[in-house]
Amino acid sequence: MRKLVWLLILLAALCGAWWAAATAQMQSTLTGLLDNRRAAGWDVTLKDISKAGFPLTLQNRLSGLAVAESGRGVAFEAPQLDLSAPVWWPGDLTARAPVAQAAFPAGALPLVLKMRDMHADLALHPGLSLQLEGMLARSTYLEVNGPDGLLLEADEPRMEVTQSSEAENDYNIALLPGRIAPGPLLRKVLGDGIGQPGGQPILSARMAFTFARALDRHAAMTGTLPQIDALTVENVDVAWGDVALATEGALTFNSEGVPAGVLSLRVTNWPKLLDAGERAGFLPPSMRGQVNTMLRLLEARGGTTGGLDLDLVFAEGQMVLAGIPLGAAPQLIQP
């Protein structure tokens with residue numbers, strides 16, 4: 001009996017020592033990541049970092065966290081961010097924040113995301129590189145804001161990232177925003193779509209990315225993604241009322257981010273999109289007649305009233321839509 005008691009005491013001591021060492025290592029890794037961002041010129045603020053979760057959970061609570069790189073318009077802040085993992089495998093990492101805010105540019109448009117009850121589960125592959133096997137990120141509420149205010153709201157949005165079982169550099173990504181509501185600006189631009197049958201907006205996207213290498217701790221430490229070599233768009237669907245846009249296709253990218261390939265576009269009720277473009281200021285009234293005539297010809301070629309089936313071709317650094325040259329193709333800017 002005495003031996004059993006001493007054995008239990010020894011096991012408890014070993015478990016306590018492992019928890020203390022693993023939690024300290026987790027804290028050291030986090031501070032190392034933040035120090036790397038400071039060394040790279042980022043503004044980093046962290047008021048406090050504390051340990052919790054004994055005995056079955058490794059947990060670090062970051063209080064007053066804010067990181068930003070003003071030159072790129074990238075930022076993240078959370079008054080409280082909890083990072084935790086089971087004591088038996090720190091690679092099953094969970095991040096939670098009651099509120100959080102992220103800023104980044106979408107092309108020339110700066111966006112600010114405001115999230116409530118943010119929750120992200122990461123699965124890392126055992127090994128020195130700690131490759132990302134999968135991630136599920138979600139929140140109970142999301143706001144997307146642009147320079148002129150609220151663009152849209154989403155309830156229960158989520159993003160799923162899964163490493164392919166066939167190639168470690170390939171990742172499948174799904175964006176499923178749940179129930180969405182356009183903000184005042186989009187309502188003004190898109191007009192009366194919400195007043196029509198089936199007016200609830202719909203947005204979903206599923207894509208597959210091929211990176212130059214797997215997503216791993218090197219990408220996390222440097223704060224940059226590996227180069228994207230290829231993109232397969234399984235579907236991007238946007239609909240509001242009787243107006244819809246669907247996209248699919250595949251692109252490859254050279255070392256400078258120049259795309260090559262074809263995206264197939266299907267537009268339903270394009271005259272209303274033309275109206276929206278004019279209201280938003282993207283289409284000058286003086287060009288409305290010319291663009292309308294061109295789209296009518298393309299509609300007649302497809303044979304669907306109010307519908308357009310178009311191929312957007314990227315080749316030799318140029319873009320061509322349904323045989324019409326559009327100029328230089330945009331380069332993919334790596335985040």
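Just so it is clear, the values below take in all heavy atoms, side chains as well, and ignore hydrogens, waters and symmetry mates. In this text the structure is predicted, and so the values were computed from the model without any measurement.
Cluster membership check: Leu332 shares its hydrophobic cluster with Leu251, using side-chain heavy-atom separations under 4.5 Å among Ile, Leu, Val, Met, Phe, Trp and Tyr. Hydrophobic clustering places Val236 together with Val267 (ILVMFWY residues linked when any side-chain heavy atoms are closer than 4.5 Å, directly or through intermediates).
Between Asp311 and Leu265 the shortest side-chain heavy-atom distance does not fall below 4.5 Å. Side-chain contact between Asp48 and Ser50 is present, with at least one heavy-atom pair separated by less than 4.5 Å.
Residue Ser204 holds its OG atom at 7.5 Å from CZ of Arg206, rounded to the nearest 0.5 Å. Between atom NZ of residue Lys47 and atom CG of residue Leu65 there is a gap of 11.0 Å, rounded to the nearest 0.5 Å. Here the CD-CZ distance, from Gln227 to Phe253, works out to 10.0 Å after rounding to the nearest 0.5 Å. Note that the CZ atom of Arg217 and the CD atom of Gln131 stand 11.5 Å from one another [nearest 0.5 Å]. Taking CG of Asp309 as the start and OG of Ser264 as the end, the distance is 8.5 Å to the nearest 0.5 Å. Atom CG of Leu321 sits about 7.5 Å away from atom CG of Leu298, to the nearest 0.5 Å.
Shown here for Gly307 and Trp270, the closest heavy-atom pair between the two residues is N-CD1, 4.0 Å. The two residues Arg288 and Pro271 come nearest to each other via the heavy atoms NH2-O, 4.2 Å. Closest non-hydrogen pair, Val112 versus Ala103, comes out as CG2-CB, 4.2 Å. When every heavy atom of Ala100 is checked against every heavy atom of Ala78, the shortest pair comes out as CB-CB, 4.3 Å.
Looking at Thr57, its side chain never comes within 3.5 Å of a backbone N or O of Gln59 through a donor-acceptor pair. In this structure, Asn169 contributes its side chain and Ala214 its backbone to a donor-acceptor pair below 3.5 Å. With Tyr171 contributing its side chain and Phe211 its backbone, the two residues share no donor-acceptor pair below 3.5 Å.
Residues Asp82 and Gln80 have side chains that bring a donor and an acceptor to within less than 3.5 angstrom of each other. Side chain to side chain, Glu256 and Gln331 fail the donor-acceptor criterion of an N or O pair below 3.5 Å. Checking Thr162 against Asn172 by side-chain atom types alone, no donor-acceptor pair falls below 3.5 Å. A donor and an acceptor atom, one from each side chain of His119 and Asp121, are located under 3.5 Å apart.
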*Check the pair Thr140, Asp117 against side chain to side chain donor-acceptor pair (under 3.5 Å), reporting the backbone distance first and the verdict last.*
CA-CA 6 Å; Thr140 58; Asp117 297 325; 3.1 Å; yes
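Checking each of Leu46, Thr45, Leu34 against Val67 for a side-chain contact (heavy atoms from CB on, under 4.5 Å) leaves exactly one that passes, namely Leu34.
Under the 4.0 Å criterion applied to side-chain N and carboxylate O atoms, Asp242 and Lys272 are assigned as salt-bridge partners. A salt bridge is defined here as a Lys NZ or Arg NE, NH1 or NH2 lying under 4.0 Å from an Asp or Glu carboxylate O, and Arg158 with Glu156 fails to meet this definition.
Annotation for Arg266: atom CZ does not count as buried by contact number, only 12 or fewer foreign heavy atoms lying within 6.0 Å.
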